[in-house]
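Beneath this line is the structure, given in structure tokens, with notes to follow.
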Number of protein chains: 2
Amino acid sequence: METIEQVLESKNIRITAMRMLIYKFLVEKEVAVTLSDIENAFEKADRTTLYRTIKTFEEKDIVHQIDDGTGITKYALCEKDCNCEIETDLHLHFHCTNCNKTICLTENKIPKITVPDGFISENVNLVVKGICDKCSG
Amino acid sequence: METIEQVLESKNIRITAMRMLIYKFLVEKEVAVTLSDIENAFEKADRTTLYRTIKTFEEKDIVHQIDDGTGITKYALCEKDCNCEIETDLHLHFHCTNCNKTICLTENKIPKITVPDGFISENVNLVVKGICDKCSG
DNA sequence: ATAACAAATGCACTTCCATTGCATTGGTTT
DNA sequence: AAACCAATGCAATGGAAGTGCATTTGTTAT
Ligand SMILES: [Mn+2]
Ligand SMILES: [Mn+2]
Ligand SMILES: [Zn+2]
Ligand SMILES: [Zn+2]
């Protein structure tokens, strides 16, 4: 099991208290989080710092951004050794219209999508909306 | 060939000059448009009117909303007799990262997506990012 | 035709989120 | 210790979405 320090180090990010806390927060959350979620969890910290921390994480492929159609950007931890930028690696995202949670379905990969002649597909974003397992039970 | 008046009438929307103009604008555009696009095309008109017009069109299934991941909502005309709300009717959307245009690929339907047990899929949004036919040529 | 009513439009204002500039703090390296 | 660069904090900005209310316009009833 890798420690948080090891994760950050392996991605060439300086280890700071703030970054460790935010990383830990993301690990503990099983769903995608908004910037406001993080903000609420760390009232003491400045919003900008949180924003830039998550942006740094994004650049370094520690988290990936999710646009679930709510208009608010969400973030979730990448899988270990994921290649976010490679199309075939991408998984589905599920947005529950009942509890408003957004979940990475990492086991469910996006099927091969064909586009018309002349179009070049580089990336696919797929969001399923509906009722999550917690809410449907 | 249906006239614009007939389209609006069939959807039970009052025919006004503004609505005719905006509908015409949408027909002539072959790509999805933002509210700003419409705003720029009709400098004289108030933004709110344009906003509410497009919302009315959306409610009446004249246009559908597209979230292509740019953070700005886009709109495009629905196909004739489309059932936007029915999952199996939904088509792909293509967002060109070069020219920033978003295109309805109405011929390319979204494949059947399976979700884990307990999850109920009600709707699927699929956006392909890449280079469009105009830009790749 | 006129009055009464309802819908559409225009203007002002608000809210929310994302993003940036700049000063300050803190950690590393020589 | 000095120099340096990255990280943080504070303040402000920008963009888009949305709402309240007054006014105008169109429709319907008398
Ligand atoms: Mn994910
Ligand atoms: Mn479309
Ligand atoms: Zn739920
Ligand atoms: Zn293009």
Side-chain angles (χ1 to χ4, degrees), chain A residues 4-5 7-26 32-60 62-76 95 100 102 125, chain B residues 4-5 7-26 32-60 62-76 95 100 102 125:
Chain A
I4 300 179
E5 284 96 332
V7 173
L8 297 181
E9 230 163 39
S10 73
K11 300 284 188 176
N12 291 314
I13 302 174
R14 277 206 199 173
I15 296 162
T16 69
M18 205 68 253
R19 286 171 178 173
M20 302 249 307
L21 284 169
I22 295 176
Y23 189 91
K24 192 153 170 293
F25 176 74
L26 291 167
V33 301
T34 66
L35 192 57
S36 295
D37 291 336
I38 304 177
E39 211 181 335
N40 292 334
F42 302 95
E43 307 243 340
K44 295 269 189 67
D46 185 78
R47 186 187 163 76
T48 314
T49 305
L50 303 174
Y51 173 75
R52 287 202 260 240
T53 300
I54 205 83
K55 284 292 165 194
T56 302
F57 282 4
E58 198 187 348
E59 274 168 27
K60 303 289 186 176
I62 288 177
V63 301
H64 60 280
Q65 194 171 328
I66 304 167
D67 176 1
D68 62 9
T70 57
I72 300 161
T73 306
K74 296 185 180 177
Y75 303 89
H95 178 242
N100 199 34
T102 295
N125 181 41
Chain B
I4 300 179
E5 283 96 334
V7 173
L8 296 181
E9 229 163 39
S10 73
K11 300 284 188 176
N12 291 317
I13 302 174
R14 279 205 197 172
I15 296 162
T16 70
M18 205 68 254
R19 286 171 177 174
M20 301 251 307
L21 284 169
I22 294 176
Y23 188 91
K24 193 155 170 290
F25 176 73
L26 291 168
V33 302
T34 66
L35 192 58
S36 296
D37 290 337
I38 304 177
E39 211 180 336
N40 292 334
F42 301 96
E43 307 244 340
K44 296 266 188 70
D46 185 79
R47 214 180 59 80
T48 314
T49 305
L50 303 175
Y51 173 75
R52 288 201 258 238
T53 300
I54 206 82
K55 283 291 164 193
T56 302
F57 282 5
E58 198 188 348
E59 275 168 26
K60 302 291 184 173
I62 289 178
V63 302
H64 59 280
Q65 194 170 328
I66 304 166
D67 176 359
D68 63 8
T70 57
I72 299 161
T73 306
K74 296 184 180 176
Y75 303 90
H95 178 241
N100 199 34
T102 295
N125 181 41

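Excluded from the calculations below are hydrogen atoms, water molecules and symmetry mates; all remaining heavy atoms, backbone and side chain alike, are included. The chains referred to below are lettered A, B, ... by the order of the sequence lines, with proteins before strands, and numbering in each begins at 1.
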### Task
For E9(A) and dT28(C), give me the distance from atom CD to atom P, rounded to whole Å.
11 Å
### Query
Taking atom C1' of dA7(D) as reference, at what distance in whole Å does atom NZ of K60(A) sit?
14 Å
#### Entry: Polar side-chain atom of S36(B) near backbone of E39(B) as donor-acceptor pair, under 3.5 Å
no
### Task
Nearest whole angstrom, please: distance from the P of dA7(D) to the CG of L21(A).
16 Å
### Message
If I compare all heavy atoms of K74(A) with all of T102(A), which pair ends up nearest, and what's the gap?
### Response
NZ-OG1, 3.2 Å
### Task
Decide if the gap between the ring center of F42(B) and the ring center of F25(B) is smaller than 6.0 angstrom.
yes
### Task
Would you please confirm or rule out a distance under 4.0 Å between OP1 or OP2 of dT9(C) and any side-chain N or O of T16(B)?
yes
### Query
Any side-chain heavy-atom pair from I22(A) and F57(A) closer than 4.5 angstrom?
yes
### Task
Find the distance L35(B):CG to dT19(D):P and express it as a whole number of Å.
14 Å
### Task
Report, as a single string ordered 5' to 3', how protein heavy atoms within less than 4.0 Å touch nucleotides 9-16 of chain D: B base, S sugar-phosphate only, - not at all.
BBB----S
### Query
Heavy-atom distance under 4.5 Å between the side chains of K55(A) and Q65(A), does that happen here?
yes
### Query
Under 4.0 Å between a side-chain N/O of K55(A) and OP1 or OP2 of dT19(C), yes or no?
yes
### Query
Nearest-Å distance, CD1 (I15(B)) to P (dT9(C))?
12 Å
### Task
Specify the separation, in whole Å, of atom CG of L8(B) and atom P of dG26(D).
15 Å
### I54(B) CD1 to dA8(C) C1', straight-line distance once rounded to whole Å
16 Å
#### Entry: Atom-pair distance (CE on M20(A); P on dG26(C)), nearest Å
18 Å
### Query
Would you find more than 12 non-hydrogen atoms of other residues, nucleotides or ligands less than 6.0 Å from K11(B) atom NZ?
yes
### Query
Nearest to the side chain of R14(B) - dA7(C), dT9(C), dT8(D)?
dA7(C)
### Query
Is the closest side-chain heavy-atom distance between T16(B) and L8(B) below 4.5 Å?
no
### Message
Side chain of Y51(B) only, heavy atoms from C-beta on: which candidate in dT27(D), dT19(D), dT8(D) is closest?
### Response
dT19(D)
